[in-house]
Amino acid sequence: MTGGSRGIGAAICRRLAKLGFAVLVNYARSADAAESVVAEIRAEGGIAAAAQGDVGCNEDRQRLLAAALREFGRLDVLVNNAGITSVGRRDILEATEESWDAVLDTNLKGPFFLSQIAAKEMIHLIRAGIIPEGYIINISSISAFAVSTNRGDYCISKSAIGMMTKLFAQRLADERIFVHEVCPGVIESDMTAPVKEKYDRLIAEGLWPIRRWGSPEDVASAVGAIVSGTFSFSTGNCFLVDGGFHVRTL
Ligand code: NAP
């Protein structure tokens with residue numbers, strides 16, 4: 001579980017633990033937050049361990065995979081959740097390469113290459129009869145299809161996750177590894193704290209049909225349903241958790 005220390009990732013960790021999965025709670029910097037997610041899961045009788053690692057860094061990705069196998073001896077699910085928004089939220093005419101590199105490394109390169117090494121391990125585990133099937137869940141965003149001209153790099157990273165999901169879904173279906181994208185709308189977390197007032201107003205005005213903020217638990221419910229095998233003849237899907245934002249009206 002990448003980016004499990006806070007927000008949406010922390011909620012997914014709790015949900016997976018409730019479903020009986022042992023959870024590796026990855027974080028980049030927030031060791032205390034990750035340890036408290038682990039403590040919460042253990043207090044409920046679940047199994048969890050924290051693991052530091054920057055998903056944008058190859059060595060760290062290898063280390064995370066090794067930690068999951070060392071701690072639990074198996075890998076059934078990879079959730080690519082870790083993500084950052086555009087640095088400085090600059091208009092695309094003023095956007096910087098520094099922000100581009102940071103956002104694309106974390107939001108796209110990390111998930112792609114982590115999926116690659118995780119999938120190879122899952123194939124081995126399935127063929128050895130250690131796990132019955134595998135799941136890779138990519139946390140994308142409505143920013144994959146809705147334009148924000150002050151977060152161009154973020155939108156592009158999430159749009160590319162859609163194609164990445166289809167590529168891995170196609171490649172891995174014969175191996176019994178199912179790959180899906182979950183597209184949250186605007187969810188209350190540290191990431192959206194700086195734009196809280198703006199969205200309070202827009203939600204009240206009806207920006208999407210279900211007039212409330214999304215919660216991290218809303219996203220965790222979707223991930224939980226997928227990895228529970230609810231969608232047994234599906235792969236490469238995009239599950240929208242967006243309060244109906246995608247519905248166009250006249
Ligand atoms: P958040 O509250 O800012 O939490 C981000 C998480 O990602 C933290 O656990 C953070 O770890 C981790 N992280 C950041 N960079 C990392 C890196 N390089 N390597 C490993 N972990 C890293 O964000 P959130 O709102 O929960 O968002 C989670 C995901 O949902 C992101 O992919 C985001 O794009 C997507 N999403 C969010 C919304 C929304 O409205 N909030 C909407 C659509 C999609 P540390 O705690 O160590 O920093």
Side-chain angles (χ1 to χ4, degrees), residues 1-9 12 26-30 33-34 51-65 78-119 136-169 171 179-196 198-199 202 214 216 219 236 238 240-242 245-246:
M1 173 72 221
T2 70
S5 48
R6 295 184 285 120
I8 293 171
I12 297 172
N26 159 247
Y27 65 97
R29 285 164 296 272
S30 308
Q52 194 282 330
D54 174 354
V55 295
C57 165
N58 179 35
E59 267 176 31
D60 288 13
R61 290 191 295 271
Q62 305 283 348
R63 202 157 43 74
L64 288 174
L65 182 65
L78 165 66
V79 183
N80 284 308
N81 164 79
I84 56 170
T85 193
S86 193
V87 181
R89 295 178 188 249
R90 288 166 175 251
D91 180 87
I92 47 170
L93 299 186
E94 307 298 335
T96 63
E97 285 196 33
E98 287 72 21
S99 176
W100 175 276
D101 289 342
V103 170
L104 271 291
D105 277 3
T106 305
N107 296 10
L108 185 60
K109 187 173 94 176
F112 184 93
F113 288 103
L114 191 55
S115 297
Q116 185 186 68
I117 58 173
I136 298 176
I137 313 291
N138 300 315
I139 306 301
S140 169
S141 171
I142 51 171
S143 294
F145 60 86
V147 162
S148 295
T149 53
N150 65 341
R151 293 185 298 132
D153 41 18
Y154 182 80
C155 293
I156 289 166
S157 73
K158 294 301 186 181
S159 184
I161 285 287
M163 177 50 77
M164 189 190 111
T165 300
K166 294 187 188 83
L167 286 164
F168 279 93
R171 176 63 183 81
V179 186
H180 295 288
E181 175 187 9
V182 173
C183 256
V186 179
I187 307 294
E188 203 151 14
S189 76
D190 292 343
M191 185 179 277
T192 49
V195 288
K196 173 134 184 21
K198 170 185 163 185
Y199 283 107
L202 291 172
V219 183
C238 172
L240 290 161
V241 184
D242 67 350
F245 173 73
H246 64 282

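For the numbers below, each heavy atom of this structure counts, side chains included, while hydrogens, waters and symmetry mates do not. Residues: numbered from 1 along the sequence shown.
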Novice: So, do L104 and D153 sit near enough that their side-chain heavy atoms are less than 4.5 Å apart?
Specialist: yes
Novice: To the nearest 0.5 Å, tell me how far E94 CD sits from I92 CD1.
Specialist: 10.5 Å
Novice: How many angstroms lie between CD1 in I117 and CD in Q62, if you round to the nearest 0.5 Å?
Specialist: 4.0 Å
Novice: Starting at CD of E188, measure out to OH of Y199 and round the result to the nearest 0.5 Å.
Specialist: 13.5 Å
Novice: Show me the side-chain donor-acceptor pairs of residues 107-116 shorter than 3.5 Å, one per line, residues at least two apart or across chains.
Specialist:
| unit_1 | atom_1 | unit_2 | atom_2 | d |
| --- | --- | --- | --- | --- |
| N107 | OD1 | I84 | N | 3.0 |
| N107 | ND2 | I84 | O | 2.9 |
| N107 | ND2 | S157 | OG | 3.3 |
| S115 | OG | N80 | ND2 | 3.0 |
| S115 | OG | P111 | O | 2.7 |

Novice: Are the side chains of V195 and V186 in touch, meaning some heavy atoms are under 4.5 Å apart?
Specialist: no
Novice: With side chains defined as the heavy atoms from C-beta onward, is the minimum distance between R63 and Q52 less than 4.5 Å?
Specialist: yes
Novice: Any heavy-atom pair between the side chains of R6 and M191 that's under 4.5 Å?
Specialist: no
Novice: Exactly one of I137, L78, L64, V79 should register a side chain to side chain contact (heavy atoms under 4.5 Å, CB included) with M1. Which one does?
Specialist: V79
Novice: Please answer whether the main-chain N or O of R151 pairs with a side-chain N or O of R89 as donor and acceptor at a distance below 3.5 Å.
Specialist: no
Novice: Going by atom types only, do T2 and N26 share a side-chain donor-acceptor pair under 3.5 Å?
Specialist: no
Novice: Which pair of heavy atoms, one from S148 and one from C155, lies closest together, and at what distance?
Specialist: N-SG, 3.6 Å
Novice: For residues I156 and W100, determine if any side-chain heavy atom of one lies less than 4.5 Å from a side-chain heavy atom of the other.
Specialist: yes
Novice: Starting at CG of D242, measure out to CD1 of I142 and round the result to the nearest 0.5 Å.
Specialist: 6.5 Å
Novice: Please report the shortest heavy-atom distance between A144 and S140, naming the atom on each side.
Specialist: CB-OG, 3.8 Å
Novice: Quick one: which of N138, L240, I139 gives a side chain to side chain contact (heavy atoms under 4.5 Å, CB included) with C183?
Specialist: L240
Novice: Are N150 and S86 side-chain neighbours, meaning at least one heavy-atom pair lies under 4.5 Å?
Specialist: no
Novice: Given 3.5 Å as the limit, does a donor-acceptor pair link the side chain of D60 with the main chain of D54, or not?
Specialist: yes
Novice: I'd like to check V87 versus E98 (side-chain heavy atoms, cut-off strictly below 4.5 Å). Are they in contact?
Specialist: no
Novice: Please give me the minimum heavy-atom distance between G3 and N81, naming the atom from each residue.
Specialist: O-ND2, 2.9 Å
